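A quick write-up on the structure given underneath.
Computed from a predicted model, the values in this text were never measured in an experiment. Values below: every heavy atom of this structure, side chains too, minus hydrogens, waters and symmetry copies.
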Amino acid sequence: MTNFYITTPIYYVNGDPHLGTAYAEINADAFARWHRLLGDQVLFVTGTDEYGLKIAQAAAENGVTPQEWVDRTSERFRRAWGKLDISFDDFIRTTEPRHARTVQEFLSEIHRRGYIYKDLYVGLYCVSCEAYYQESELVNGRDCPVHGRPVTEMSEENYFFALSKFNDRLIELYESNPGAIIPETRLHEVLGFLRQGLTDVSITRSSIDWGVRVPWDEGHVFYVWYDALINYLTAVGYGTSQGTFDRWWPSVHHLLGKDILRFHAVWWPAMCMAAGIDPPAQFLVTGWMLVNGEKMSKSLGNQIDPLAVASELSPDALRYYLLRANGFGLDGDVSMESLYRVYNADLANDLGNLLSRVVALSMQKGGGVAPAVPEIGGDVLGAGPLVEAAVSAWNAFKPNDAIEHAMAIVRAGNALLERVEPWRRPALDPESLDALGRVREGLRLAAAILSPAIPRASAEILSRLGFGARGELRWTPEPGGAALEKGAPLFPRVVK
RNA sequence: GGCGGCGUAGCUCAGCUGGUUAGAGCACACGGCUCAUAAUCGUGGGGUCGUCGGUUCGAGUCCGACCGCCGCUACCA
C-alpha cells in the first residue's frame with residue numbers, strides 16, 4: 001500500500017479565489033484523484049494563510065476584527081473549491097489552534113538546536129504602512145509604493161534563522177535528487193540561487209501582533225512566511241501524533257506556483273533539516289495562466305472567472321480545459337475563446353457525442369442493452385498501449401499527455417463505428433455487437449483515465465453504459481446485458 | 001552583467017541517448033455517412049525545423065557564433 005501526500009499552497013485570504021489559485025487546486029486534485037484510483041492511500045491538503053500585516057489592515061478597513069475577517073474570507077475559498085469538485089481531505093487554516101501548536105513546537109525545536117538567534121534587523125520602513133520594504137520595491141528608489149512617501153531606515157530586534165548553514169546540504173540534496181523539483185528548469189533555478197550563497201533571514205516581527213506568538217519570547221510573532229509553510233506539518237500531526245507523521249512524512253509532494261518556488265525549495269527544506277526531520281520529497285511547480293500572453297489583471301478586464309465557467313458549463317469543463325491546454329509546469333495562454341473551442345471539439349464532439357452514439361446504437365441495433373465487451377483480439381482501438389501511456393503520464397505528473405492518450409481512444413472509437421456502420425446493418429448483427437462492445441469498453445477506459453480531470457462526467461459515462469464499477473485499468477471482457485441510460489447530452493455544445 | 005531556458009506547419013505544441021519521405025491536436029479545403037450534441041469518418045494543402053558556420057557516412061536532434069524572446073539573480077502570499 002503506497003501513501004501519497006499532496007499539498008497545495010495555502011492561499012492568502014486577502015483576495016478572492018481566482019484562476020491561478022483554481023489552477024493549482026485542480027492540478028493537485030487531479031493528482032490526488034489519480035492516486036486514489038491507483039488504490040494508494042491519499043492525503044490531499046489545502047487551506048488558507050490568515051496572518052500578516054495586510055490581513056490585519058484589511059480587517060481594520062472593513063471595521064471587523066482580524067479573526068472575523070479571516071473567518072469570512074477563508075470560507076469563500078472553501079466554498080469555491082467545493083464548486084470545482086476539489087476533493088481535499090483536510091483544510092488548514094493558519095489561525096487554528098492546532099496550527100499554532102505545530103508552529104511553536106517546530107520552531108522551538110529549531111531554536112533548541114541552535115539555528116535561531118536574536119539580532120538586529122535593519123530595513124526601510126514606511127510608517128503609514130507599518131511595514132518594511134525592499135529597495136527594489138520602492139518608487140524612485142526611496143518612496144513607499146503605497147503611500148508615495150519616503151521610507152525611513154529603522155531597526156528592530158528580531159529572531160533570525162541560520163539559513164546559511166544549510167547551503168551545502170541543500171545543494172547536495174538537489175544534485176543527488178534532480179527529480180525533486182519538476183520541471184527541471186526550476187531545479188536549475190534553485191541550484192543557481194543556492195550557488196550564489198545564502199544569507200540568514202529574519203523570521204519574527206515585534207512590530208505586528210497578528211501572527212503566531214514566538215513561544216520563548218512573547219513580544220514577537222513569526223513572520224507570515226514561516227508559519228505558513230509549517231501548515232504542511234500541521235496536517236500530518238507533527239509533534240502531536242508521531243504515528244500519523246511517520247506515515248505521511250517525508251514522502252510529500254508540494255504543488256506550488258513558480259512565484260513561490262524559493263520559499264518552498266530553499267527555506268522550507270532548510271527549516272526541516274534544522275528541526276531534524278527529512279526535507280520534503282518533491283516540488284511540483286506550475287506555471288502561470290496568461291491571457292493573450294499577459295498576466296491576468298483586473299484592470300485589463302481579461303479575466304477568466306473559474307466559478308463563472310463552472311456554473312455556465314460545468315466544473316468538469318473548466319478542469320478539463322486547464323489540465324489539457326497546457327503542459328504541466330509551463331505558462332499557459334488561456335482565453336474564453338479557446339476554452340469554448342476545446343470544450344466543443346474534445347468534450348462535446350468527440351467524447352460526449354461518442355457516448356450518445358454508442359448508447360443510441362445499442363438501443364436500436366444491439367438489443368437495447370449494454371453490448372458485451374469482446375476479447376481484445378486485434379486490438380482495433382489501440383486501447384492497450386494508450387492506457388499504458390496514459391498511466392505513465394499521470395504517474396509522471398503530465399495530465400495533458402494522459403488526456404491526449406485518452407482522447408485517442410475516443411477518436412478510435414468514433415472511427416471504428418464509421419468503419420462498421422451498425423446503422424446500416426440489421427439488429428443484433430454480430431459485427432455491430434462486436435464494435436459496440438469495443439467502443440463501450442474503450443469509453444470505460446477513457447473515462448477511467450479522464451476521471452481525475454472530469455470526475456462527474458466519468459462517473460456518468462460508466463453509469464450510462466451499464467458498468468457497475470470503474471473496474472481495472474486494462475481491457476476487461478464482460479458479458480454485457482446491463483441496462484443502458486440515454487440521458488441528455490453529456491457536454492452540450494456551446495454556440496458562441 | 002552572471003546563471004538557466006526557448007525559437008519546429010495559420011495556432012498550441014511532441015520530437016529520449018543524431019539515422020527510412022519531420023509528427024499530433026486545433027483551424028482550413030474537398031469528399032463520404034446519417035447512429036449521434038449540424039456531431040462523425042476519410043483525404044488533402046501547408047514547415048528554409050531562428051540565422052550562419054562546424055563535427056559526422058548522416059543533424060530539427062551534437063559544437064561554435066550571431067539574432068530574437070523569456071525566467072532567476074533573497075525575505076513579494
Out of B:C75, B:A36, B:U40, which nucleotide sits closest to the side chain of A:Tyr121? B:C75
If you check every side-chain atom of A:Ala360, which of B:A36, B:C41, B:A74 has the closest atom? B:A36
Mind checking A:Leu490 for me? I need base, sugar-phosphate or nothing, with any heavy atom below 4.0 Å counting as a touch. base
Quick one, which residues of residues 152-175 of chain A touch RNA chain B with a heavy atom under 4.0 Å?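 A:Leu163 - these, ordered by number, are the residues of the stretch whose heavy atoms sit under 4.0 Å from the strand.
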Within residues 176-190 of chain A, find the residues that approach RNA chain B with a heavy atom at under 4.0 Å, and present them sorted by residue number. A:Arg186, A:His188, A:Glu189
Below 3.5 Å, does any donor atom in the side chain of A:Asn349 face an acceptor in the base of B:A39, or the other way round? no
Non-hydrogen atoms of [X] and [Y] that approach each other most closely:
| X | Y | result |
| --- | --- | --- |
| A:Pro279 | A:Met273 | CG-CE, 4.2 Å |
| A:Pro9 | A:Tyr232 | CA-OH, 3.7 Å |
| A:Arg93 | A:Asp71 | NH2-OD1, 2.8 Å |

Salt bridge A:Glu460-A:Arg464, side-chain N to carboxylate O under 4.0 Å: yes
Ionic contact status for A:Lys165 with A:Asp200, cut-off 4.0 Å: no
With Watson-Crick and G-U wobble geometry limited to distances under 3.5 Å, how should the secondary structure of RNA chain B be encoded in dot-bracket form, using | for bases paired to another strand and [ ] for crossing pairs? (((((((..((((.....[...)))).((((.........)))).....(((((..]....))))))))))))....
As an exercise, state the distance from CD1 of A:Ile86 to CZ of A:Phe77, rounded to the nearest 0.5 Å. 13.0 Å
Could you check A:Phe263 against A:Gln196 and say which one's nearest nucleotide on RNA chain B is further toward the 5' end? A:Gln196
Would you mind listing every salt bridge (charged side-chain N to carboxylate O under 4.0 Å, His left out) that reaches into residues 351-373 of chain A, with sequence neighbours excluded? A:Arg357-A:Glu418
Considering the options A:Tyr226, A:Tyr223, A:Phe222, A:Phe160, which one meets the side chain to side chain contact (heavy atoms under 4.5 Å, CB included) requirement together with A:Thr204? A:Phe222
Does B:A39 have its OP1 or OP2 closer than 4.0 Å to a side-chain nitrogen or oxygen of A:Arg493?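 For B:A39, OP1/OP2 do have a side-chain N/O of A:Arg493 under 4.0 Å.
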Given B:A74, is OP1 or OP2 found less than 4.0 Å from the side-chain N or O atoms of A:Tyr223? no
Separation of atom CG in A:Asp259 from atom P in B:C76, rounded to whole Å: 14 Å
Whole Å only: how far is the CG atom of A:Leu386 from the P atom of B:A14? 19 Å
Between [X] and [Y], do the side chains contain an N or O donor and an N or O acceptor separated by less than 3.5 Å?
| X | Y | answer |
| --- | --- | --- |
| A:Ser206 | A:Glu157 | no |
| A:Tyr320 | A:Asp346 | yes |
| A:His254 | A:Thr7 | yes |
| A:Asp227 | A:His99 | yes |

Show me, pair by pair, the donor-acceptor contacts under 3.5 angstrom made by side chains of residues 181-199 of chain A, not counting sequence neighbours?
unit_1   : atom_1 : unit_2   : atom_2 : d
A:Arg186 : NH1    : A:Glu189 : OE2    : 2.6
A:Arg195 : NH2    : A:Glu175 : OE2    : 2.7

Answer yes or no for A:Arg205 and A:Tyr159: cation-pi contact, defined as NZ/CZ to six-membered ring centre under 6.0 Å and angle to ring axis within 45°.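 Not flagged: A:Arg205 not positioned over aromatic ring of A:Tyr159.
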Inter-nucleotide C1' distance (B:G31, B:C69), Å rounded: 42 Å
Protein-nucleotides 26-33 of chain B N/O pairs under 3.5 Å:
unit_1 : atom_1 : unit_2   : atom_2 : d
B:G32  : N2     : A:Glu418 : OE1    : 3.2
B:C33  : O2'    : A:Trp423 : NE1    : 3.2

